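Have a look at the structure below, then the notes.
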Amino acid sequence: MNIAVRCENLTKTYDTGEQKVTALNAVNLTINLGELMMLVGPSGCGKTTLISVIAGILDQDEGLCELFGENLLTMKSKEKLRFRAQQIGFVFQAFNLLPSLNAAENVSVPLIINGVKRDVAKRKAIEVLESVGLEDRWKSFPAQLSGGQQQRVAIARALVHSPRLIVCDEPTSALDHASGHNVMNLLKEVALHKDRALVIVSHDARIFSFADRIAEMDDGHIVNVR
Amino acid sequence: MNYIAIKMLMGDTGKYIGIVMGLTFASLIMTQQPAIFTGFIARSYSFITDLGLPDIWVMDTKVQYIDDVKPLQDTELYRVRGISGVEWAMPLYKGTLKARLADGTFQNCNVIGLDDTTLIGSPPVLLEGKLEDLRRSDGIIVDIDGATEKLAKPARVAGGKQIPLKVGDTLELNDKRAIVVGIAKVTRTFQSQPVIYTTYSRAISYAPPERKQLSFVLVKAKQGQDLHKLTQRIRANTGLAAYTRQEFMDLTFWYLMKNTGIPINFGVSVGLGFIVGAAIAGQTFYNFTLDNIRQFGVLKAMGASNWVLLRMILLQALVAGSIGYGMGVGLTALFGFAMRHSILAFKFPWQLLVFSGTGVSVICMFAAFISIIKVIRLEPAIVFKS
Ligand SMILES: Nc1ncnc2c1ncn2[C@@H]1O[C@H](COP(=O)(O)OP(=O)(O)OP(=O)(O)O)[C@@H](O)[C@H]1O
Ligand SMILES: [Mg+2]
């Protein structure tokens with residue numbers, strides 16, 4: 001089986017009390033293993049909502065979302081947490097590193113959540129930092145690193161536990177062109193392999209060329225996949 | 001995860017200090033104020049505590065506390081001595097007399113008259129002189145705090161240091177000569193007046209002449225006597241009040257609790273300290289969690305369970321609480337140490353540590369609780385919001 005994510009008729013409505021916003025309106029999407037899928041579209045069209053559902057941190061109202069053949073909606077919350085901890089890596093626009101941990105400690109976090117001992121996790125973290133070109137900065141704290149470097153630490157964190165799906169929300173939009181390019185290269189070269197899928201939400205037309213496929217969204221729908 | 005929790009807590013030094021200071025303040029107030037309170041209360045019956053030998057105090061039935069002296073007729077002493085189960089009974093004079101100092105000013109003093117032959121009721125510690133010297137004519141023993149403060153002689157040069165009263169110096173008590181033959185260490189009493197010890201007969205000669213002079217009869221029970229039964233027997237035989245030492249302390253303690261504003265004053269300041277401390281510490285800790293909410297969200301998204309996050313927050317509260325408590329109690333102890341020679345009452349029994357420890361725990365648990373609720377309700381999807 002080489003399907004990583006299968007979404008059918010996904011619907012999600014936010015109800016803030018005063019008004020209801022339909023962020024996802026019958027979304028159908030399939031993402032294959034070994035594929036870098038980019039999700040693009042105007043602001044507010046539902047991109048972040050879609051990857052939140054795919055990553056299992058938000059429940060849909062209707063429709064089906066399967067990850068590697070598993071339906072997260074019907075999982076017990078404990079299994080779901082475990083699944084998330086083992087199978088998914090996150091990269092955020094705002095990096096979201098823990099400011100009081102150094103680079104290696106930050107990268108260790110997913111392993112520690114998975115019950116790996118701290119020193120073992122740290123050794124592995126330094127190894128992965130090496131693969132993103134930051135082996136000599138493993139002691140640095142986030143505040144001592146540039147935006148591009150922080151995002152590379154975040155990518156190392158998303159990779160360290162060898163998840164099968166990596167979700168990235170606007171990974172380059174806080175970065176200048178060169179750093180953004182560097183980050184995308186890393187994601188494509190280091191993060192992507194045949195047993196793993198990448199979903200990247202982006203506004204940034206300059207990085208569209210890195211995608212294997214691009215899904216265009218508008219107003220809660222997927223309007224085109226190319 | 002414990003390591004991450006601690007790093008999170010201490011990572012931002014400014015905020016960390018804020019939390020710990022809040023808790024330090026709370027524990028300081030919850031320890032120091034009650035310590036002063038306990039000190040005051042203990043002082044109220046320190047005279048009874050200091051007087052270790054007698055088992056039972058006999059006095060007028062209307063006496064409400066130790067300083068409330070209602071004199072008895074001297075003959076009562078012999079009546080008490082005649083009661084079965086009494087090993088010995090000794091007279092004690094306790095009164096307030098005016099001492100005329102070298103510079104002509106007057107000072108109220110607590111005068112204690114001890115049985116002429118046995119000198120029972122003598123001060124617990126003699127720093128200078130001998131107890132037997134009280135038998136020399138006009139001999140008195142003065143307590144060290146009185147000797148160095150209220151009874152001290154004026155400085156030789158204006159503005160200079162006062163000269164403490166020494167062995168060999170003289171005073172006038174009601175126009176009668178008194179010679180200092182010793183200096184004693186006594187536990188400070190409630191009114192912090194100088195304490196003067198002398199023999200019973202001399203104390204009476206100093207005191208203004210009155211029909212009744214005997215303040216208390218101090219009783220030692222025969223070995224194996226049931227003290228309660230003995231007090232009952234004394235009451236029945238003499239019509240006087242008789243209390244064991246502990247009963248007399250309790251009587252004094254409760255009189256002060258009921259008839260003075262002291263407990264309310266301290267209760268209010270301890271209560272306020274608790275509320276202010278809880279507010280400060282709770283607020284800073286909750287703010288700390290709010291500031292880190294995104295970090296908790298990231299951990300949650302990455303698969304950390306509510307249980308793990310709960311433990312992290314509890315650990316953070318525990319660490320901040322222990323350090324704050326330690327510093328608060330430490331500061332209180334330092335305060336007590338710095339004040340050890342001063343007039344301020346201060347007593348730091350272990351029950352107080354339990355009291356303030358419980359207080360700080362309650363504050364921390366409360367702060368952790370509101371933080372935990374926040375984190376458990378947290379939607380991990382917030383991590384994608386920029
Ligand atoms: N927590 C929420 N509560 C209410 N409405 C929300 C919430 N999150 C998103 N929305 C609404 O849902 C719609 C889709 O939001 P979403 O964040 O998925 O868009 P997006 O495509 O990621 O936009 P952007 O490119 O600006 O990040 C928007 O109209 C947004 O206002
Ligand atoms: Mg978005």
Side-chain angles (χ1 to χ4, degrees), chain A residues 12 14 47-53 55-59 77-102 105-106 108-115 118-119 121-122 141-143 154 157-158 160-161 163 167-170 173-174 201, chain B residues 1-20 284-285 287-313 315-317 319-320 323 371-372 374-386:
Chain A
K12 174 75 191 177
Y14 292 109
K47 304 181 296 291
T48 298
T49 307
L50 179 56
I51 60 163
S52 301
V53 173
I57 56 176
L58 190 68
D59 291 340
S77 66
K78 211 171 166 183
E79 288 172 55
K80 194 164 152 181
L81 281 172
R82 216 187 149 102
F83 187 88
R84 224 154 63 200
Q86 291 174 349
Q87 307 290 2
I88 300 174
F90 292 90
V91 178
F92 310 95
Q93 176 178 356
F95 319 137
N96 283 342
L97 298 172
L98 307 195
S100 42
L101 300 186
N102 68 27
E105 288 165 345
N106 261 294
S108 308
V109 170
L111 292 175
I112 290 171
I113 290 177
N114 277 304
R118 195 149 59 85
D119 48 340
K122 189 169 173 184
F141 288 89
R157 180 175 66 178
V160 72
H161 52 309
V167 290
C168 314
D169 197 2
E170 309 269 8
S173 62
V201 167
Chain B
M1 297 309 272
N2 292 348
Y3 177 78
I4 298 175
I6 300 297
K7 279 274 189 149
M8 252 168 111
L9 175 66
M10 301 188 178
D12 188 330
T13 317
K15 278 183 207 137
Y16 175 59
I17 290 176
I19 297 170
V20 170
T284 38
F285 190 78
N287 274 345
F288 166 78
T289 309
L290 283 191
D291 288 342
N292 291 334
I293 203 77
R294 209 184 170 79
Q295 301 184 40
F296 285 115
V298 171
L299 294 174
K300 218 170 177 174
M302 293 197 296
S305 65
N306 278 334
W307 170 238
V308 165
L309 299 181
L310 182 148
R311 271 182 12 222
M312 287 176 74
I313 292 174
L315 179 68
Q316 289 170 340
V319 169
I323 295 175
S371 300
I372 285 166
K374 187 83 193 168
V375 168
I376 284 180
R377 291 211 179 129
L378 178 69
E379 283 287 342
I382 64 137
V383 290
F384 283 129
K385 301 267 180 298
S386 44

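Computed from a predicted structure; not experimentally measured. These values consider heavy atoms only, across backbone and side chains, with no hydrogens, waters or symmetry-generated copies.
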Item checked: B:Glu379 versus chain A, the contacting section by heavy-atom distance below 4.5 Å -> side chain
Check: By side-chain hydrogen bond (donor to acceptor under 3.5 Å, both in side chains), which residues pair with A:Lys12, not counting sequence neighbours?
Finding: none
Margin query: Main chain of B:Thr289, side chain of B:Lys374: is a donor-acceptor contact present, judged purely on distance under 3.5 Å?
Written below: no
Note to self: Using 30° and 60° as the class boundaries, would you call the ring planes of B:Phe285 and B:Phe288 parallel, tilted or perpendicular?
What the structure shows: tilted
Next item on the list: Go through the atoms of A:Leu98 and report whether side chain, backbone, both or neither lie under 4.5 Å from a heavy atom of chain B.
Entry: both
Checklist line | Heavy-atom contact with chain B under 4.5 Å, split by part of A:Arg82 | finding: neither
Check: Of all of B:Ala301, B:Ser305, B:Ala381, B:Gly11, which one pairs up most often with chain A through heavy atoms under 4.5 Å apart?
Finding: B:Ala301
Note to self: Using only atom types and a distance under 3.5 Å, with no angle test, would you say the side chain of B:Lys7 pairs donor to acceptor with the backbone of A:Asn102?
What the structure shows: no
Check: Side chain, backbone, both or neither: which part of A:Glu105 has an atom under 4.5 Å from a heavy atom of chain B?
Finding: side chain
Notebook entry, point to check: With sequence neighbours left out, what residues match A:Arg118 under side-chain contact (heavy atoms from CB on, under 4.5 Å)?
Noted result: A:Ile112, B:Tyr3
Notebook entry, point to check: At a heavy-atom separation under 4.5 Å, does B:Leu9 approach chain A through its side chain, its backbone, both, or neither?
Noted result: neither
Next item on the list: Determine yes or no for a side-chain-to-main-chain donor-acceptor pair under 3.5 angstrom, with B:Arg294 supplying the side chain and B:Val383 the backbone.
Entry: yes
Margin query: Tell me which of these, A:Lys78, A:Gln86, A:His161, A:Arg157, has more heavy-atom pairs under 4.5 Å with chain B than the rest.
Written below: A:Arg157
Notebook entry, point to check: Is it the side chain or the backbone of B:Val308 that comes within 4.5 Å of chain A heavy atoms, both, or neither?
Noted result: neither
